[in-house]
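Since the structure comes first, as structure tokens, the remarks are kept for the end.
For clarity, every value in this text was computed on a predicted model and none was experimentally measured. Letters A, B, ... are given to chains in the order of the sequence lines, protein chains preceding strands, and every chain is numbered from 1.
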Number of protein chains: 2
Amino acid sequence: MVTIADVARHAGVAASTVSYVLSGKRTISTDTRERVQRSVRALGYRPNASARALASQRSNVLALVIPLRTGMHVPVMMQFAAAVVTTARRYDHDVLLLTADEGPDGLERVAQSSLVDALVVMDIELDDERVPVLRELPMPSVLIGYPDDADGLTCIDLDFVAAGAHCVDHLADLGHRSLALLGTPSAVYERQTGFAQRTLTGFADAAERRGVVGVETPCEHTFDAILHTVRQLLDEHPDITGLVVQNEPIIGPLLDVLRRLGRRVPDDMSLVAICADDVAERQVPQLSSVSIPAERIGDQAVESLITKLEGGDVPALTLLPPALTARESSCQAPHRDLTTA
Amino acid sequence: MVTIADVARHAGVAASTVSYVLSGKRTISTDTRERVQRSVRALGYRPNASARALASQRSNVLALVIPLRTGMHVPVMMQFAAAVVTTARRYDHDVLLLTADEGPDGLERVAQSSLVDALVVMDIELDDERVPVLRELPMPSVLIGYPDDADGLTCIDLDFVAAGAHCVDHLADLGHRSLALLGTPSAVYERQTGFAQRTLTGFADAAERRGVVGVETPCEHTFDAILHTVRQLLDEHPDITGLVVQNEPIIGPLLDVLRRLGRRVPDDMSLVAICADDVAERQVPQLSSVSIPAERIGDQAVESLITKLEGGDVPALTLLPPALTARESSCQAPHRDLTTA
DNA sequence: TACCCCAGTCGAAGCGCTTCGACACCCCAT
DNA sequence: ATGGGGTGTCGAAGCGCTTCGACTGGGGTA
């Protein structure tokens with residue numbers, strides 16, 4: 001392995017000069033700079049990451065904590081991860097992958113051993129045991145999602161309350177008077193996951209505001225569960241004509257189930273999903289949806305982190321406004337007697 | 001931050017003694033050992049990762065290169081990643097996440113800067129530009145998938161040739177005489193991706209061996225593409241009664257398409273998928289399938305890597321035997337005149 | 001009793017880099 | 001001519017750890 005001393009010797013300068021050429025932290029004459037750069041190239045020099053980290057107290061590595069838990073929708077996670085890695089690389093950082101089941105200890109481990117300079121933590125629960133740890137850690141972090149008590153933290157998320165509300169508004173605008181939210185598996189709610197809870201809130205509040213009926217039910221991923229859940233829902237609330245779905249993997253089978261139960265989409269039943277755009281577009285009929293801008297959130301998270309690392313200030317909470325795209329799965333509510341409306 | 005010197009002072013020993021207690025590389029008296037361990041706990045000492053890496057020439061970090069390319073099936077990737085991280089942690093290693101679009105340079109970067117000790121590279125193409133780089137790198141690597149020329153490499157994969165053959169055998173055993181392979185998007189084949197190519201080979205060879213008709217077609221992910229592909233397939237080969245599907249995201253819509261085209265599964269059309277078990281089980285009818293043991297492959301990859309790091313020997317190529325689970329989607333071929341059989 | 005060996009511990013030398021202070025040197029203002 | 005302030009470069013210290021060689025003392029052997 002070629003070291004900075006080799007480069008220095010080759011270029012006929014001191015090692016510190018090579019370092020300053022590389023970092024640009026002191027002015028170096030054009031002549032010397034070019035000579036050094038030539039030597040770097042000639043020898044194929046790559047600074048040793050550990051030595052650099054040890055001397056500079058900066059590892060240039062970010063930790064990314066991703067959930068690998070039941071009920072989480074994987075492709076969205078992956079989009080996040082991809083965006084985080086790509087953006088981190090733009091800022092000359094690498095990404096260390098941690099799974100959530102290392103828990104708070106895992107965060108302490110990588111932080112206190114100076115393995116990483118900062119952390120991105122996904123899938124924050126409303127009352128998350130990692131939050132107090134994050135607060136005490138001697139390094140910046142950004143949460144994707146946000147807990148009830150977000151004091152002293154930097155959080156980024158889609159505004160799921162608004163997302164839930166948008167869906168209701170969209171359907172109410174189309175004349176639907178009785179709606180249901182078909183949510184994530186119940187485990188996700190029990191875990192007090194922010195995005196699920198907040199969508200629920202947004203849905204319920206908007207339903208009340210609009211004076212429409214809004215019922216909510218979790219839904220597991222198996223076909224039988226979907227069939228059972230939807231059948232029961234429609235038995236108990238036969239007048240439901242609008243469905244909001246926040247549960248990406250069930251979307252395909254759900255369309256099937258509705259067909260089986262004799263409800264045509266959108267003629268008998270309008271559907272709005274909260275999911276990635278490509279999933280919505282792949283269905284037949286294409287789904288009206290509020291998209292989840294995973295890439296933008298991941299980007300934003302890394303950018304905030306880099307800003308914090310450089311001593312800058314970032315907003316405590318960044319809520320991205322949701323956007324609803326109307327496609328084929330939602331339309332005017334079926335005609336009904338106006339006197340009852 | 002508390003350093004090893006602090007611990008040494010607190011325990012009344014030399015820093016080197018603390019180091020030996022922690023690493024176990026020299027015998028330390030029970031008395032001293034316990035005293036040191038108490039001090040470590042009392043002070044909450046965590047060794048500095050960079051210092052350790054610099055001194056020991058070991059970062060205890062593995063690189064994981066995952067594809068984030070078009071047509072790749074994301075949940076399977078994620079399962080790999082999860083298995084790799086989990087197993088790496090078991091061996092006290094962390095995982096640095098790289099995306100394939102950093103290309104060969106990315107591998108050189110992390111390797112030559114000693115950021116990592118070893119690499120796991122996924123989604124290897126038959127003629128992969130990263131392979132020569134990997135061969136020259138001064139550290140061990142394990143490939144998931146394998147190129148045409150696997151000389152000097154360590155590769156692990158599901159035996160996709162056998163997987164393709166198993167599917168044919170299963171259907172042929174049930175009396176089907178005309179089969180089709182509904183494959184991945186054509187981009188995946190064009191990229192010369194190993195698993196897709198090999199499945200194709202296994203399928204074609206087995207079809208010939210069994211004396212059945214076997215046609216193959218790639219298939220994109222959109223509903224329209226699926227509809228078009230299947231319709232054309234059945235138009236051109238109306239006698240097809242068995243379908244092998246290697247394209248996880250289209251499975252849901254495919255069942256839909258078949259229904260729409262008036263083919264009942266399994267009565268008119270038997271189906272075998274190559275996909276994760278949970279996906280197969282979630283469908284209606286449940287799919288006969290060859291499962292992709294992502295977790296086992298990930299585990300195995302890390303274990304081989306650790307063995308290599310410790311100077312041990314590992315087989316150049318590990319092919320995991322595929323297992324086919326018969327479920328509801330495949331059955332005896334429809335009755336036909338025996339004289340033509 | 002003299003010797004050797006081993007278990008247990010220490011001190012010091014690095015690992016490869018960054019960064020601080022010091023030092024030339026040159027140019028400009030006096 | 002002389003002093004002052006940049007500019008460009010160097011040397012050395014030090015980041016926190018591992019590891020090597022050396023040292024000490026006690027127990028066994030001859």
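The footprint of chain A on DNA chain C, defined by a heavy-atom cutoff below 4.0 Å, extends from C/dG16 to C/dA22.
The shortest non-hydrogen separation linking B/Ala63 to B/Leu98 is CB-CD1, 4.2 Å. Listed here is the closest heavy atom pair of B/Pro47 and A/Ser113: O-CB, 3.3 Å. Smallest separation of non-hydrogen atoms from A/Met139 and A/Ala118: SD-N, 3.8 Å. Taking both residues in full, the closest heavy atoms of A/Pro140 and A/Asp117 are given as CD-O, 3.6 Å, listed atom of the first, atom of the second, then distance. Contact record, A/Pro147 with A/Cys155: CD-SG, 4.1 Å, taken as the closest heavy-atom pair.
As judged by a 4.0 angstrom heavy-atom cut-off over every strand, A/Ser29 is placed among residues touching the sugar-phosphate backbone only. Counting non-hydrogen atoms under 4.0 angstrom, B/Thr27 reaches a base of the nucleic acid. As judged by a 4.0 angstrom heavy-atom cut-off over every strand, B/Ser16 is placed among the base-contacting residues. Nucleic acid contact class of A/Ser19 (heavy atoms, under 4.0 Å, all strands): base. Residue contacts shown for B/Thr32 are limited to sugar-phosphate atoms, with no base heavy atom under 4.0 Å away.
Under a 4.0 Å N-O distance rule, the pair A/Arg130/A/Asp105 does not qualify as a salt bridge. Taking 4.0 Å as the cut-off between side-chain N and carboxylate O, B/Arg9 and B/Asp6 count as a salt-bridged pair.
An OP1 or OP2 oxygen of D/dT9 is reached within less than 4.0 angstrom by no side-chain nitrogen or oxygen of A/Thr17.
Here CD1 of B/Ile156 is found 9.0 Å from CG of B/Leu143. Values are rounded to the nearest 0.5 Å.
Two residues, A/Ser50 and B/Gly12, neighbour DNA chain C, and the one matched to the more 5' nucleotide by heavy-atom proximity is B/Gly12. Comparing B/Leu54 and B/Asp31 by the nucleotide of DNA chain C that holds the closest heavy atom to each, the one mapping nearer the 5' end is B/Asp31.
B/Ser29 and B/Asp31 form no side-chain donor-acceptor contact under 3.5 Å, judged by distance and modelled atom types alone.
Here D/dG21 is the nucleotide among D/dC10, D/dT9, D/dG21 with the atom lying nearest to any side-chain atom of B/Arg26.
Listed by residue number, the members of residues 33-41 of chain A with any heavy atom below 4.0 angstrom from DNA chain D form an empty set.
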